[in-house]
Amino acid sequence: MAPGIPAAMERPHFIGIGGAGMSGIAKILTRRGAKVAGSDSKESATAEALRALGATVHIGHAAGHLADDATCVVVSSAIRADNPELVRAGDLAIPVVHRSDALASLMEGLRPIAVAGTHGKTTTTSMLAVALTELGLDPSYAIGGDLAGPGTNATHGEGAIFVAEADESDRSFHKYDPEVAIVLNVELDHHANYASMDEIYDSFETFVGKVVPDGTLVVSADQAGAVELTRRVRDLSALKVVTYGEDASADVRVHKITQRGLTSEVTVVLNGKYLTFTVSVPGRHYALNAVAALAAGVALGIPAHNLASALGKYTGVKRRLQLKGEAAGVQVIDSYAHHPTEMTADLEAMRGAASDARLLVVFQPHLFSRTQELGTEMGQALALADASVVLDIYPAREDPIPGITSTLIIDAAQAAGADVTAVHDKATVPEVIAGMAKPGDLVLTMGAGDVTDLGPQILDHLSS
């Protein structure tokens, strides 16, 4: 039932093909029969997975990697103008397509669900992908992380539904025309692209305005930014608004969330009836993500009790409170959290799961601009841990900002009463943590950069 390959996508070349968003689109196009090629800065499991599907993946960036007969070059906002492949595309007059436009073209003719919000997009998109697949609806999906079960971030399905993560960071979510839009929360982030909350609201209003006539907005009734957005878009014609959450006014009201170790049991009230289901990851925020997924599926006409049961099959996404292993009586868990709200939510979830155990955190700040704006709040969040190690800032796509270092976070954490240690050499962290940890402790590696690589190394040191 899914459409074929858009003409411009028959022989695409992806610059940065190993990225979470880019690789997902490349995988779907490959499965649809496109001749996919691309390049990435380093070798990875993602590059190997793409080659196994038939894609050509070059390591490093060079003009010669771009074939003369490429029908387009796909880029993300992270690709710089002086990239040699992008420069060659200009010389050859090959069309350059933004990642969001490529993804939008893959949704044409289908029933898209677009999941937006400052936090929780990957988890909620994943929950929907797993539940719809479990129900035999064979959806297509594109997610910003690998599902723990299938181990992939994207697939081409033969069903009518396409579930996609909708990224607000560069306003690219304005390119989609969803039948159902989910907005989990609205907060100030991505400071290089948004100067104020007013700009954020305007951007989300534009996204909601792209919902097709008689389509549905599923939006939080609890989070202040989402509530304000709902107020602003309530009068849009031909838009159905469904609110969810713990607030008494919610259309899909959360009656109770009970944490049971590393899982949660959720009871909601929907159309006057109580419905209980299990979420196989800890934390109130993940339970609320599952309720948003439930509301979105119901908006597409899927029976609520079927969806609730299927959502229980979700087992997590890599890097979203993912258990990496246990050694010497110490569990090591990985978290992608990098914004203070995410950090607080994951730390509270782990604190609830830890019972009387100590919680040790290895935190790597992500981006100079985010640290500049939110470093104090990051430090305050770390006060929820028993002890923390803070690394240097992971720059990703940014150049350094004079005077902005991890010290900003460490000072704020110590002012909040936290036990914090600065570690500038990442390679020494496994030894430091192995020296701190005791049987029964939980170790949480946290951040959106390469801090995730430390989990297995910490386990090795603990074992020895």
Side-chain angles (χ1 to χ4, degrees), residues 20-21 24-25 76-77 98-101 103-104 106-107 111-129 139 141-145 153-154 161-190 193-194 197-212 215-234 236 239-245 252 285-286 288-297 299-300 317 320 336 338-339 341-342 345:
I25 299 167
S76 71
S77 299
H98 190 272
R99 176 188 62 81
S100 57
D101 290 301
L103 180 56
L106 297 181
M107 297 185 200
R111 303 182 70 189
I113 303 176
V115 183
T118 313
H119 330 289
K121 294 185 290 292
T122 297
T123 299
T124 308
T125 309
S126 303
M127 288 174 168
L128 273 165
Y141 57 81
I143 304 170
N153 60 336
I161 301 172
F162 196 120
V163 189
E165 197 170 319
D167 183 13
E168 84 283 0
S169 66
D170 56 1
R171 297 178 173 83
S172 60
F173 66 163
H174 297 169
K175 304 292 180 64
Y176 312 136
D177 300 299
E179 181 174 339
V180 177
I182 299 176
V183 175
L184 303 163
N185 36 60
V186 182
E187 292 190 50
L188 183 59
D189 196 6
H190 312 296
N193 293 322
Y194 294 103
M197 274 305 300
D198 280 337
E199 286 191 15
I200 293 276
Y201 284 128
D202 288 345
S203 188
F204 272 86
E205 282 186 69
T206 299
F207 167 67
V208 173
K210 297 282 288 181
V211 175
V212 300
T216 303
L217 169 66
V218 173
V219 59
S220 171
D222 300 330
Q223 198 270 328
V227 172
E228 171 60 17
L229 177 68
T230 302
R231 186 191 70 76
R232 293 180 178 221
V233 302
R234 272 283 187 192
L236 285 178
L239 177 70
K240 302 170 189 173
V241 177
V242 175
T243 60
Y244 73 92
V252 182
H285 57 308
Y286 290 122
L288 289 168
N289 292 160
V291 176
L294 177 72
L300 285 182
V317 183
R320 271 63 177 184
Y336 187 71
H338 51 280
H339 183 282
T341 301
E342 299 166 343

Side chain to side chain contact (heavy atoms under 4.5 Å, CB included) between L217 and K240, worked out: CA-CA 6 Å; L217 169 66; K240 302 170 189 173; over 6 Å; no
Check against side chain to side chain contact (heavy atoms under 4.5 Å, CB included), E165 and V115: CA-CA 5 Å; E165 197 170 319; V115 183; 5.6 Å; no
Pair D170-H98, side chain to side chain contact (heavy atoms under 4.5 Å, CB included): steps then yes or no: CA-CA 11 Å; D170 56 1; H98 190 272; 3.5 Å; yes
Side chain to side chain contact (heavy atoms under 4.5 Å, CB included) evaluation trace for Y244 with S220: CA-CA 5 Å; Y244 73 92; S220 171; 3.8 Å; yes
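When every heavy atom of V180 is checked against every heavy atom of A296, the shortest pair comes out as CG1-CB, 3.9 Å. Across every non-hydrogen atom of A164 and M107, the tightest pair is CB-CE, 3.4 Å. For L239 against V211, the heavy-atom pair with the smallest separation is CD1-CG1, 3.9 Å. Closest of all the heavy-atom pairs between I143 and A129 is CD1-CB, 4.1 Å. The two atoms that bring T124 and A292 nearest to each other are CG2-CB, 4.3 Å, heavy atoms only. Minimum heavy-atom separation, G21 to R99: C-CD, 3.8 Å.
In this structure, D189 and Y194 have side chains that are not in contact, with every pair of non-hydrogen atoms separated by 4.5 Å or more. Between V218 and V183 the shortest side-chain heavy-atom distance does not fall below 4.5 Å. Using a 4.5 Å cut-off on side-chain heavy atoms (C-beta onward), F204 and E168 make contact. Within the 4.5 Å cutoff, side-chain heavy atoms of R111 are placed close to those of L300. Between V219 and V242 the shortest side-chain heavy-atom distance does not fall below 4.5 Å. T243 is not listed as a side-chain neighbour of V252, based on a closest heavy-atom distance of 4.5 Å or more. For the pair L128 and I182, the minimum side-chain heavy-atom distance is below 4.5 Å.
When the side chain to side chain donor-acceptor pair (under 3.5 Å) test is applied to S169, the partners found at least two apart in sequence or on another chain are D167. For A114, the side-chain contact (heavy atoms from CB on, under 4.5 Å) partners at least two apart in sequence or on another chain are A166, P178, F207.
H174 and S203 form a side-chain donor-acceptor contact under 3.5 Å, judged by distance and modelled atom types alone. Side-chain contact check for E342 and H285: no donor-acceptor pair (N or O, by modelled atom type) lies under 3.5 Å. There is no side-chain donor-acceptor pair under 3.5 Å between Y141 and T125. Counted by atom type alone, E179 and T216 present zero donor-acceptor pairs between their side chains at under 3.5 Å.
In terms of modelled atom types and a separation under 3.5 Å, the side chain of H338 and the main chain of Y336 share a donor-acceptor contact.
The pair E205-K210 fails the salt-bridge criterion, with no side-chain N (NZ, NE, NH1 or NH2) lying under 4.0 Å from an Asp/Glu carboxylate O.
Distance OG1/T341 to CG/N185: 8.0 Å, rounded to 0.5 Å. Within the model, atoms CZ of F162 and OH of Y176 stand 9.0 Å from one another, a figure rounded to the nearest 0.5 Å.
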Donor-acceptor pairs under 3.5 Å, side chain of residues 222-230 to any protein atom, not counting sequence neighbours: which ones?
from: D222; atom 1: OD1; to: E246; atom 2: N; distance (Å): 3.0
from: D222; atom 1: OD1; to: D247; atom 2: N; distance (Å): 2.8
from: D222; atom 1: OD2; to: E246; atom 2: N; distance (Å): 2.8
from: Q223; atom 1: OE1; to: V186; atom 2: N; distance (Å): 2.9
from: Q223; atom 1: OE1; to: G225; atom 2: N; distance (Å): 3.1
from: Q223; atom 1: OE1; to: A226; atom 2: N; distance (Å): 2.8
from: Q223; atom 1: NE2; to: V186; atom 2: O; distance (Å): 3.4
from: E228; atom 1: OE1; to: R231; atom 2: NE; distance (Å): 3.0
from: E228; atom 1: OE2; to: R231; atom 2: NE; distance (Å): 3.4
from: E228; atom 1: OE2; to: R231; atom 2: NH2; distance (Å): 2.7
from: E228; atom 1: OE2; to: R232; atom 2: NE; distance (Å): 2.9
from: T230; atom 1: OG1; to: A226; atom 2: O; distance (Å): 2.9

